[in-house]
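Data first, discussion second: the structure below is written as structure tokens.
In this chain, residues are counted from 1 in sequence order. From a predicted model like this one, the values you see are computed outputs, not experimental measurements.
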Amino acid sequence: MKLPKILSGPILRRVDKSSVTIWIATSRRFQMGAELYEIERRNKENVYHLISDRTHTETIKLGKRLYIHLITIKPMNQLFPTNTLLGYNLLFTRRSKTVDLNSFGLLDSENPHSIVYGDMNYPTFQIRSGNSGSFLYGSCNKLHGKGEHALASADLQLEETFNQLQERPHSLFLLGDQIYADDVADPVFPLIRLLSKKLVGPQESLSLVDQRLDEEPYNSSINYIHGRQYVMEHFCQFTSMHAHNHLIKFGEYAAMYLLSWGPQLWEYAVENELLLSFEDCMEKELYHFIFPKEEGTLSEHQKEYEQHKERFQEQWTDIQENLHVLPRIRRLLANTPTYMMFDDHDITDDWNLSHNWKKNVWSSELGRHVVANGLGAYWAFQGWGNEPDSYSDPFLSTIERYCHSYSVQSNEYRRWIHDLWNYDSWHFVTPTEPRVLFIDTRTKREYTYPPKPVKIGGMMEETVRGPNLVSEEAWKKLSHSLRRSGWISGERLIIASPPPLYGIGLIESALHSYALPLRAIGIPIHEVIDYEAWKYNGEGFTGFIDQILHWNPSECFILSGDVHYASNVTSHIKTSNGQKAHVLQFTSSPMHNLSFTGLWGSLVKGVIRLNALKRKNKEIHRYCTEAFQLKKEDEPGDLSSYRWKELIRYHSTENKQILDTENNIGLIQYTEKRVQHQLLHYKKLEKRVTTFHPINLNLQSKK
């Protein structure tokens, strides 16, 4: 049962005129190389000109059978050409034998798992420059999510435009929740545990992290399906209500990434009969029961059994319906420069939601351990490729030394915990034109300690205030990184913020008035939508606005996900001293995790549809008071003194909706004077498109 040689990838990562970076995971150590070609169309045939085979590869061994390679191709003489079709091949050398991607069947267009488009010989891409182009963006990719996977529609978009460079998306921006570490499907849990052992080998002894895990029932339950909820809540101090199969070990996080990004390990599991049915799991006694036969009544045990069975079958159906799209996802990632930022589910639900959450988890040795594993896996599978040069040699050394032994009693482990929890530069700037500033809204937060008054019916209560998602000190670091990237004031700027700065006001108002109080008394409204937006901290919201005004871009695009709907909002901002800014908020979510289902989802959608007409094609005038309160101009208040005013417009689609709650991925097409926002859906093996009305930028900027 040998693991496939290529575990995941190749994934095209950071590219610019001076370097092209490719990420790949293998189960064996290879000496990696690459070739880069310029592709010319001549007499209806493609001609491939080798322009560089000068490569530098960094390899990190994360376990017995898990190697992560970052291959960087550098120019031979001059810079790489822009707005030109480029292609690449990878070379794998082991024991004096060299093979390429074709040796794995990946360059054969007749192979259903090929990573090439059309008549191309290699995976291709472009380095886009100038004031026009298009890119993809999205978030929220749950392995057992409901509905059809929108990333497949992005692959179809490239299939249609791979040789039309003006229309072909030049980049893919993933804005969080690339995996759901806290919400793992029952059918996948045994496979993840098995792959974790095969990939990494002997791993950390959890009982040495928390001695309670050496006792029954905990030392058994954490290895069983649906057996981790109590441990995650009471040992880790996590708050997720779906933590029954929560990822704990580093190898488990790694396995989840590999299963999410391609078909390789799924094929390996099928070939070796590693996928278990519910009956197999019961026969092997892999389920944790709160009411075992010998302790509970027969009726209680039977009811729990039926719940397990129903959930297993539902989740397995959801997974099977989307396994066929994994080759498409793999091809998309191999042909599109991809940049990724975490959000909460990449680590755990409610990650750093409040000061108390962060303090409680840090005080828990097991909670501290799980968060570090999640961050370490994020770095290896997502973060490293965003900006490879930003990670110092001591940081890389910490990763490699701890992963060599996974000893939780070593100095390497203590450095691993410290370095990952305290790393302060997860943000980055892409080398694209225009620049995209990815901000970290999870680890650089500030918390407001005084409780917030809320009203529940006729009762008055106090509850937690929303956090400021980016601290003042963090904004300074972001400014430094932006300037260092070469961006200058007056240019167009794109900011990638996982939660939207501008959401749908109706939803946010409902959350403000009802959702948080309902959540506080135990009603799971947060399963539908999160109470984590910029709006819920007026000072933080204003801090974001202040930064945009300070940077003074010609236009500011904000890309967001997280909220499980898609929308298009514009705002014109003016301060009391005459400063102005034009903000275009584009939101796309989820790629694969329909959430507006069931009772609460239907209720929210119904309210939205009934009230959407109030906002269509209408302008909303709002201002921020000196006390950082956001108010509409028709509300009582003193308008003679304000920090800033804004005019907000919710843009509608061609079918007259202001938001879309289906699985989607955003496509932005832009020129110097106009921007078009579309949503790509995957329906019955075809791409479907929802189009927002275009925005004329030169007219907007004159308002």
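Between Glu306 and the choices Lys309, Gln302, Lys303, the side chain to side chain donor-acceptor pair (under 3.5 Å) rule is met once, by Gln302. Among the candidates Asp344, Asp562, Asp346, the single residue satisfying the salt bridge (charged side-chain N to carboxylate O under 4.0 Å, His left out) test with Arg442 is Asp344. For the pairing with His592, the side chain to side chain donor-acceptor pair (under 3.5 Å) check across Asn663, Asn664, Asn322 returns one residue only, Asn322. Between Gln382 and the options Trp23, Trp426, Tyr257, a side chain to side chain donor-acceptor pair (under 3.5 Å) holds for only Tyr257. Looking at Phe291, Phe278, Tyr287 one by one, the single match for ring-ring contact (aromatic ring centres under 6.0 Å, His included) with Tyr305 turns out to be Phe278. Applying side chain to side chain contact (heavy atoms under 4.5 Å, CB included) to Pro190 and the options Asn245, Leu274, Ile225, Asn223 leaves one that passes, Ile225. Checked options His681, Glu662, Gln657, Gln678; the residue passing with Thr690 is His681 (criterion: side chain to side chain donor-acceptor pair (under 3.5 Å)).
Taking the six-membered ring for Trp and the full ring otherwise, His149 and Tyr682 have centroids separated by 6.0 Å or more. With ring centers used as reference points, Phe104 lies under 6.0 Å from Phe92.
Relative orientation of the Tyr402 and Tyr406 rings is perpendicular, given thresholds of 30° and 60° on the angle between their planes. Classified by interplanar angle (parallel below 30°, tilted 30° to 60°, perpendicular above 60°), the ring pair Tyr253/His246 is perpendicular.
Between Glu267 and Arg330 there is no salt bridge, since none of the side-chain N atoms of the basic residue sits less than 4.0 Å from a carboxylate O of the acidic one. Contact check on Glu314 versus Lys146 returns a salt bridge, with a Lys/Arg side-chain nitrogen under 4.0 Å from an Asp/Glu carboxylate oxygen.
Here the side chain of Trp266 pairs a donor or acceptor atom with the backbone of Leu259 at under 3.5 angstrom.
Taking a 6.0 Å sphere around CD of Glu283, one finds it holds 12 or fewer heavy atoms contributed by other residues, nucleotides or ligands. Under a cut-off of 6.0 angstrom, the local environment of CD in Glu310 is sparse, with at most 12 non-hydrogen atoms contributed by other residues, nucleotides or ligands. Taking a 6.0 Å sphere around CD of Glu215, one finds it holds more than 12 heavy atoms contributed by other residues, nucleotides or ligands.
Side-chain atoms of Gln203 and Ser196 form a donor-acceptor pair, as typed in the model, at a separation below 3.5 Å.
Screening residues 197-223 for ring-ring contact (aromatic ring centres under 6.0 Å, His included) gives Tyr218-Tyr230, Tyr218-Phe235 as the qualifying pairs, with residues at least two apart or on separate chains.
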The test is side chain to side chain contact (heavy atoms under 4.5 Å, CB included); show your working for Trp351 and Phe238 and say whether it passes. CA-CA 8 Å; Trp351 180 30; Phe238 288 176; over 6 Å; no
